[in-house]
Amino acid sequence: AKAVGGNAIRFHTAQMDQRVSLRMSLETRLRKALQENQFELYFQPQVAAEDGRLVGAEALLRWHDGDSMIPPDQFIPVAEECGLIVPIGEWVIARAVGQIAEWRNRHALVPPIAINLSPRQFWRPSVSHCILDALNFAGLPTSVLEVEITESVVLDPEGDSIEQLGRLREAGIGIALDDFGTGYSSLSYLQRLPVGVLKIDRSFIKSLVVDEGAAGSEPLVRAIIAMAHSLSLKVVAEGVETPEQLQALRYLGCDIIQGYLFSRPLAPGEFAEKYLVDRKN
Ligand code: C2E
Ligand code: CA
Ligand code: CA
Ligand code: CA
């Protein structure tokens with residue numbers, strides 16, 4: 001071991017203790033949340049840029065802890081670190097498939113629903129089998145579900161994530177590359193991953209329309225869309241909040257829009273009421 005100053009060690013340890021105990025309590029509560037059914041899926045519509053018709057929805061995890069709602073950004077990273085993302089992710093798959101089955105019984109034209117997958121879920125047990133088994137068990141075609149992954153799935157040394165993605169894609173499940181343009185994105189990933197959709201990260205949409213003279217992200221967004229289209233990928237813009245952003249994205253040829261401008265993520269009942277049409281009979 002390296003010789004380190006005593007003070008440095010003590011300081012480090014105190015901070016770590018605090019972090020570890022914070023994490024432990026959250027971990028315990030997450031475990032309890034799973035057992036006691038405190039999770040819920042919300043659904044955010046995705047609409048065609050040209051005419052606003054519903055073309056899909058993203059399922060987003062919500063945790064109701066008593067009266068408070070804990071946002072996913074605050075617990076997904078912990079769940080990933082401690083491995084609980086695997087059972088939580090299995091719950092998400094089961095819940096999404098169950099919801100789709102229920103909607104398809106009652107409604108016509110239920111669009112594909114996208115679920116988020118963490119890199120850690122590609123370790124054992126295989127998430128691709130879990131997804132395909134769930135759909136098979138429910139008697140649903142693979143076209144009803146899509147998955148969203150981030151580029152970091154490529155960096156995962158433990159798993160066979162690319163093989164699993166290939167299996168999903170071959171079975172007919174759409175794969176979207178989330179948060180595109182952030183993190184460790186490398187264009188070479190686009191060749192290695194069997195994706196059909198690029199989701200441009202919210203940060204680029206935020207700076208898309210800026211005052212004259214300021215440096216906006218328009219040139220970048222334009223380039224991303226051109227590149228995606230030349231690879232025959234569809235483009236989703238995330239976090240679209242203003243009519244000006246929508247107009248710019250339409251002009252740039254973006255295919256699909258997701259964001260508060262159209263709708264926040266909605267509870268299942270509200271989503272169905274607002275966006276799904278009843279079957280005739
Ligand atoms: P994400 O996959 O990038 O999801 C999009 C996030 O942007 C969602 O936050 C959504 O509510 C938010 N959003 C959508 N439109 C707008 C907008 O117009 N403006 C702004 N400011 N935000 C918008 P949310 O639901 O809090 O989720 C945060 C992140 O948590 C997700 O980011 C995803 O990385 C993760 N997450 C959520 N559900 C799951 C899940 O079931 N499994 C896994 N592994 N991760 C999940
Ligand atoms: Ca996502
Ligand atoms: Ca995203
Ligand atoms: Ca994200």
Side-chain angles (χ1 to χ4, degrees), residues 30 33-34 38-47 49 56-64 68-100 112-123 127 130-131 134 145-153 156 159 161 174-183 185 195 197-209 224 235-246 248-249 254 256-268 270-271:
L30 276 171
L34 253 184
Q38 294 170 356
F39 290 117
E40 202 179 348
L41 284 185
Y42 272 44
F43 297 86
Q44 186 176 35
Q46 299 176 330
V47 304
E58 178 176 6
L60 293 156
L61 193 56
R62 296 290 177 264
W63 176 14
H64 297 283
S68 61
M69 207 281 293
I70 304 174
D73 285 333
Q74 277 175 36
F75 67 85
I76 297 273
V78 175
E80 284 173 340
E81 242 183 279
C82 68
L84 271 176
I85 193 65
V86 172
I88 292 174
E90 284 170 355
W91 181 88
V92 169
I93 293 164
R95 183 71 201 94
V97 167
Q99 186 64 73
I100 294 167
I113 305 294
I115 58 171
N116 290 281
L117 297 181
S118 297
R120 178 71 174 74
Q121 289 179 261
F122 288 89
W123 301 10
V127 73
C130 178
I131 289 171
L145 200 71
E146 288 174 358
V147 300
E148 297 190 0
I149 54 163
T150 55
E151 292 141 327
S152 53
V153 79
D156 177 15
S161 50
I175 301 171
L177 192 52
D178 209 348
D179 303 345
F180 187 77
T182 63
S185 45
V195 299
V197 174
L198 272 195
K199 296 190 77 174
I200 304 178
D201 192 68
R202 198 163 74 217
S203 54
F204 297 104
I205 307 306
K206 211 179 169 118
S207 51
L208 186 57
V209 184
I224 292 172
V235 182
V236 178
E238 310 191 290
V240 178
E241 294 183 351
T242 71
E244 291 76 23
Q245 290 167 348
L246 173 64
L249 287 161
C254 180
I256 297 165
I257 306 289
Q258 183 180 347
Y260 295 168
L261 177 64
F262 285 96
S263 174
R264 290 180 175 265
L266 303 172
E270 208 183 347
F271 179 84

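Just so you know, residue 1 is the first one in the sequence shown, and it goes up from there. Just follow the structure's listing: the first ligand is 1, and inside any ligand the first atom is 1.
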Using side-chain contact (heavy atoms from CB on, under 4.5 Å), reason through N116 and E58 one step at a time and then give a plain yes or no.
CA-CA 8 Å; N116 290 281; E58 178 176 6; 2.8 Å; yes
Heavy-atom pair of closest approach, residues [X] and [Y]:
X: Y42; Y: P265; answer: CD2-O, 3.5 Å
X: G239; Y: Q245; answer: O-OE1, 4.0 Å
X: L249; Y: A237; answer: CD1-CB, 3.6 Å
X: V78; Y: Q74; answer: CG2-O, 4.2 Å
X: P72; Y: L61; answer: CG-O, 3.5 Å

Should you measure from each heavy atom of [X], which atoms of ligand 1 turn up under 4.0 Å away?
X: G259; value: 15 (N), 18 (O)
X: D73; value: 28 (C), 29 (C), 30 (O)
X: E238; value: 3 (O)
X: E241; value: 17 (C), 18 (O), 19 (N), 20 (C), 21 (N)
X: Q44; value: 14 (C), 15 (N)
X: E58; value: 2 (O), 4 (O)
X: V92; value: 41 (O)

Close approach, P265 and ligand 1, non-hydrogen under 4.0 angstrom:
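Checking ligand 1 against P265, which is what was asked, there is a heavy-atom contact under 4.0 Å.
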Worked verdict on L246 versus F262 for side-chain contact (heavy atoms from CB on, under 4.5 Å):
CA-CA 10 Å; L246 173 64; F262 285 96; 4.1 Å; yes
Can you tell me the angle formed at the Ca ion (ligand 2) by OE1 of E148 and OD1 of N116, to 10°?
90°
With heavy atoms and a 4.0 Å threshold, my read on which part of E80 contacts ligand 1 is neither
If you measure every N/O of [X] against every N/O of ligand 1, is any gap under 3.5 Å?
X: Q258; result: no
X: E148; result: no
X: Y260; result: yes

Among [options], which residue places a heavy atom closest to [atom]?
atom: atom 3 (O) of ligand 1; options: D179, T242, V240; result: D179
atom: atom 31 (C) of ligand 1; options: L60, D178, I76, L61; result: L60
atom: atom 7 (O) of ligand 1; options: K206, R264, R202; result: R202
atom: atom 30 (O) of ligand 1; options: S263, P72, A237, P119; result: P72

One pair to check against salt bridge (charged side-chain N to carboxylate O under 4.0 Å, His left out): E80 and R120. What are the steps and the verdict?
CA-CA 7 Å; E80 284 173 340; R120 178 71 174 74; over 6 Å; no
Please report the interatomic distance CD(Q258) to CD1(I200), rounded to the nearest 0.5 Å.
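If we round to the nearest 0.5 Å, Q258:CD and I200:CD1 are 12.5 Å apart.
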Measuring from atom CD of E238 to atom CG of L198, what distance do you get when rounded to the nearest 0.5 angstrom?
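Nearest 0.5 Å value for the CD-CG distance: 11.0 Å.
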Measure from the Ca ion (ligand 3) to each N, O or S atom of D179 and report whether any distance is below 3.0 Å.
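A backbone or side-chain N, O or S atom of D179 is under 3.0 Å from the Ca ion (ligand 3).
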Angle subtended at the Ca ion (ligand 3) by OD1 of D178 and OE1 of E238, nearest 10°:
110°
Parallel under 30°, tilted from 30 to 60°, perpendicular over 60°: which one fits the rings of F39 and W63?
tilted
Report the residues that fulfil salt bridge (Lys or Arg N to Asp or Glu O under 4.0 Å) with E40, sequence neighbours left out, ordered by chain and then residue number.
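Testing E40 for salt bridge (Lys or Arg N to Asp or Glu O under 4.0 Å), a comparison that skips the adjacent residues, returns none.
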Could you check which N/O/S atom of E58 is closest to the Ca ion (ligand 2)?
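Closest N, O or S atom of E58 to the Ca ion (ligand 2): OE2.
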